[in-house]
Number of protein chains: 2
Amino acid sequence: MASRVTDQAVYDAALEVIAEQGYERATTRAIADAAGINEATLFRRFVSKENLLRQAVRGNFAGFSLDLDAPGDDVAADLLTIVGYYSSLYERRGGVVLTLMREAKFSPEVAAVLAEPESLLEKVDAVILHHQRRGALVVEPPRHTFFALIGPVMMRALARRVDRRATQAPADPEAVVRRFLDGHRSLER
Amino acid sequence: MASRVTDQAVYDAALEVIAEQGYERATTRAIADAAGINEATLFRRFVSKENLLRQAVRGNFAGFSLDLDAPGDDVAADLLTIVGYYSSLYERRGGVVLTLMREAKFSPEVAAVLAEPESLLEKVDAVILHHQRRGALVVEPPRHTFFALIGPVMMRALARRVDRRATQAPADPEAVVRRFLDGHRSLER
DNA sequence: CGCTGATGCAAGTGGACACTTGCATGAACG
DNA sequence: CGTTCATGCAAGTGTCCACTTGCATCAGCG
């Protein structure tokens, strides 16, 4: 009675197609084909394209959380946790998350799906604020620090998928943090 | 005999709508409305949506070139030229260029339009190689250096349009270059 | 004033695509 | 063996959108 093709297999196919073509251009037809099921079956089982994406994202990124509740005295360690997390997030499943982030600005559907794990960012803000108060980081809007920190990782991940001439290895979180802290230090008078 | 609404005014409207909604979601209807002309007129004058974009981009970004033909002895100065250029490029016209870059990966139309000014990147590669040979920059694929350098500028510009909690001022090219060079230095043993 | 040509307007064409539906098949389960 | 139910298949619906077309208008120009 269960489906021959498992839900997870459909999620895999969907994320793969979406990573390659983007959510809007990924037709339900193409996803169904990639999963080896009929398009009608896809809708019978997953209701809508948006719902399929939501379930696929939940299933594949939910258990994957950031362990940062107790920021410590070691900035470098905490930043490394953050960078490491985002780095592996961007590397997962062919970089779907980056693809979705790009589309989120113009597609309310995608934005809605992505809004769920958004709360992570608030954890990150808290950690950055903590270290700013300790004097270990320059005081500026935490999102600013976050973007400056994550920038190289994201750029590298994006570049890798866009520009054949860019380095093809993912960024090394330790090097990123070190570079960030060194550059950062020079900003304090 | 000339058109009441100038071509330039139509380009302005098109770029504005596209910056807000993205190329694919920006309907020709919406662009025509924004320009204050009829949709039929838009097609009679500009042939196709893609062609309109191409002319708009050419008209608005062509004369805007990178003056870098003779790299000098001063890395900081050359990097500043590069960062300054891209920074103002990303700030122009509500950030259309960034919007288009996002879409380029999945839309062959947009990619084709963007390919024209692409040759700039080769100039940049040359400058970076020059300074690598001089020993002023770590030797790595030039695109890698480029993305590490431009990353903060781009991230900041993107963040500004996506995240209300991010800083709302554009990145300061001088600070970016300084931070980059300081962090860079620490990578050399 | 009469011609030309660009425009507005309204209706339409064609294709892409999310989503539906009716029917036949075939596997699992009692 | 017969019922059930998810599936495949094929055709179809509705919508959106780039692009077209026919016609009336109206400004500029000789």
Side-chain angles (χ1 to χ4, degrees), chain A residues 1-57 96 99-100 103-104 106-113, chain B residues 1-57 96 99-100 103-104 106-113:
Chain A
M1 58 163 279
S3 26
R4 290 189 233 281
V5 173
T6 64
D7 285 5
Q8 185 56 49
V10 177
Y11 298 153
D12 289 347
L15 292 179
E16 187 176 341
V17 175
I18 290 171
E20 268 168 35
Q21 331 209 338
Y23 175 75
E24 309 226 276
R25 292 180 96 88
T27 67
T28 50
R29 181 72 206 282
I31 294 174
D33 285 355
I37 64 177
N38 191 272
E39 195 181 356
T41 301
L42 188 150
F43 280 100
R44 279 190 280 247
R45 285 172 58 180
F46 303 101
V47 180
S48 73
K49 189 184 176 185
E50 179 179 0
N51 189 60
L52 170 61
L53 174 65
R54 173 167 286 119
Q55 290 186 222
V57 167
V96 222
T99 297
L100 293 175
E103 285 187 87
F106 302 122
S107 163
E109 270 177 67
V110 174
V113 171
Chain B
M1 57 164 281
S3 27
R4 289 189 234 282
V5 173
T6 64
D7 286 3
Q8 185 56 47
V10 178
Y11 298 154
D12 289 348
L15 292 179
E16 186 175 343
V17 174
I18 290 171
E20 268 167 35
Q21 331 209 337
Y23 174 76
E24 310 226 276
R25 292 180 95 88
T27 67
T28 50
R29 181 71 205 283
I31 294 173
D33 285 356
I37 64 177
N38 191 271
E39 196 181 356
T41 301
L42 187 151
F43 280 100
R44 281 191 279 248
R45 284 172 57 179
F46 302 100
V47 180
S48 72
K49 188 184 176 185
E50 179 179 359
N51 188 60
L52 171 61
L53 174 64
R54 172 166 287 119
Q55 289 186 223
V57 168
V96 220
T99 297
L100 293 175
E103 284 187 88
F106 302 121
S107 164
E109 270 177 67
V110 174
V113 171

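Every chain is numbered from 1 and lettered A, B, ... according to where its sequence line falls, protein lines coming before strand lines.
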Note to self: By the 4.0 Å heavy-atom rule, please label B:A32 as base, sugar-phosphate, or nothing.
What the structure shows: nothing
query: Which is true for A:A30 with a 4.0 Å heavy-atom rule: it touches a base, it touches only sugar-phosphate, or it touches nothing?
result: nothing
Spacing of [X] atom [atom1] relative to [N] atom [atom2], expressed in whole Å:
X	N	atom1	atom2	value
A:Y23	C:dC17	OH	C1'	12 Å
A:Q21	C:dA16	CD	P	15 Å
A:K49	C:dT20	NZ	P	14 Å
B:L42	C:dT7	CG	C1'	13 Å
A:I31	C:dA16	CD1	C1'	15 Å
A:N51	C:dA18	CG	P	15 Å
A:R29	C:dA18	CZ	C1'	13 Å
B:R25	D:dC17	CZ	P	9 Å

[N] phosphate, OP1 or OP2: any side-chain N/O from [X] under 4.0 angstrom?
X	N	result
B:R45	C:dT7	yes
A:T41	D:dG8	yes
B:T28	D:dA18	yes

* **Working for side chain to side chain contact (heavy atoms under 4.5 Å, CB included), residues A:L53 and A:L100** => CA-CA 10 Å; A:L53 174 65; A:L100 293 175; 4.1 Å; yes
Residues 11-18 of chain B side chain polar contacts: donor-acceptor under 3.5 Å, at least two apart:
{"from": "B:Y11", "atom 1": "OH", "to": "B:Q55", "atom 2": "NE2", "distance (Å)": "2.6"}
{"from": "B:D12", "atom 1": "OD1", "to": "B:Q8", "atom 2": "NE2", "distance (Å)": "2.9"}
{"from": "B:D12", "atom 1": "OD1", "to": "B:R93", "atom 2": "NH1", "distance (Å)": "2.6"}

Which of A:K49, A:E50, A:E109, A:E103 passes side chain to side chain donor-acceptor pair (under 3.5 Å) with A:Y23? It is A:E109
A:S48 and A:N51 have their tightest heavy-atom pair at OG-N, 3.1 Å
Smallest heavy-atom separation, B:R45 atom then B:V5 atom, equals NH2-O, 2.8 Å
Once base and sugar-phosphate atoms are separated, protein heavy atoms under 4.0 Å mark nucleotides 9-14 of chain D, 5' to 3', with B, S and - as BB----
Hits for salt bridge (Lys or Arg N to Asp or Glu O under 4.0 Å) against A:R44, two or more places apart or cross-chain, chain-then-number order -> none
Separation between OG1 (B:T41) and CD (B:E39), nearest 0.5 Å, reads 10.0 Å
